[in-house]
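For reference, the structure is listed below as structure tokens.
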Amino acid sequence: MNDDQLDHYRVEGTKVRVVRDALEQNDVVGIVVAWDDEHLLIRRPNRKVVKVKRAYEIQLASEPRQWSYE
């Protein structure tokens with residue numbers, strides 16, 4: 001995901017889903033707060049901030065979850 005898309009999600013306050021593995025319970029859902037070349041900061045609904053690798057798949061939370069084993 002490029003910086004322009006991340007900035008759009010941040011400004012609009014769009015909820016995203018970070019899919020880390022096959023288990024849906026391990027997803028991080030929240031709003032993009034900040035990012036650098038390697039990591040994203042996601043603010044979860046409980047107001048805690050989670051740092052995740054940018055290499056994980058990022059999807060809109062409003063869309064159905066998709067995971068592909070690669």
Side-chain angles (χ1 to χ4, degrees):
M1 180 158 297
N2 63 28
D3 289 346
D4 292 334
Q5 271 186 314
L6 289 172
D7 191 48
H8 177 74
Y9 291 158
R10 181 188 62 82
V11 170
E12 295 293 321
T14 305
K15 274 192 171 182
V16 297
R17 174 190 323 270
V18 180
V19 180
R20 298 190 285 184
D21 58 20
L23 298 175
E24 188 172 352
Q25 65 194 21
N26 291 336
D27 292 355
V28 177
V29 178
I31 298 170
V32 176
V33 177
W35 62 90
D36 62 15
D37 292 338
E38 296 180 26
H39 297 94
L40 289 170
L41 287 178
I42 305 291
R43 177 172 287 127
R44 297 177 56 188
N46 65 1
R47 316 260 306 150
K48 292 190 178 189
V49 178
V50 179
K51 184 177 180 180
V52 295
K53 292 182 181 179
R54 196 165 168 179
Y56 291 129
E57 187 170 346
I58 303 165
Q59 306 170 357
L60 291 176
S62 60
E63 296 178 354
R65 182 183 191 272
Q66 296 177 355
W67 183 76
S68 61
Y69 180 75
E70 294 183 25

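The two residues Met1 and Ile58 come nearest to each other via the heavy atoms CE-O, 3.7 Å. Counting all heavy atoms, side chain and backbone alike, Tyr9 lies closest to Val32 at CB-CG2, 4.4 Å.
Cluster membership check: Leu6 does not share its hydrophobic cluster with Ile31, using side-chain heavy-atom separations under 4.5 Å among Ile, Leu, Val, Met, Phe, Trp and Tyr.
Val49 belongs to a hydrophobic cluster whose other members, connected by ILVMFWY side-chain contacts under 4.5 Å either directly or through intermediates, are Val33, Leu41.
The side chain to side chain contact (heavy atoms under 4.5 Å, CB included) search around Glu63 returns Leu60, not counting sequence neighbours. For Asn46, the side chain to side chain donor-acceptor pair (under 3.5 Å) criterion is met by no residue, not counting sequence neighbours. In this structure, Asp37 has no side chain to side chain contact (heavy atoms under 4.5 Å, CB included) partners at least two apart in sequence or on a different chain. Scanning for side chain to side chain donor-acceptor pair (under 3.5 Å) contacts around Arg10 gives Asp7, with sequence neighbours left out. Considering only residues two or more places apart in sequence or on other chains, Ala61 meets the side chain to side chain contact (heavy atoms under 4.5 Å, CB included) condition with Lys15, Val29. For Arg65, the side chain to side chain donor-acceptor pair (under 3.5 Å) criterion is met by Asp27, not counting sequence neighbours. Among residues two or more places apart in sequence or in another chain, the salt bridge (charged side-chain N to carboxylate O under 4.0 Å, His left out) test is passed with Arg54 by Asp3. Qualifying side chain to side chain donor-acceptor pair (under 3.5 Å) partners for Arg43, counting only residues two or more places apart in sequence or in other chains: none. In this view, Asp36 and Glu38, His39 satisfy the side chain to side chain contact (heavy atoms under 4.5 Å, CB included) rule, not counting sequence neighbours.
Side-chain atoms of Arg44 and Val28, non-hydrogen and from C-beta on, do get closer than 4.5 Å to each other.
Taking CG of Asn26 as the start and OH of Tyr56 as the end, the distance is 9.5 Å to the nearest 0.5 Å. Here the straight-line distance linking atom CG of Asp4 with atom CG of Asn2 works out to 5.0 Å at 0.5 Å rounding.
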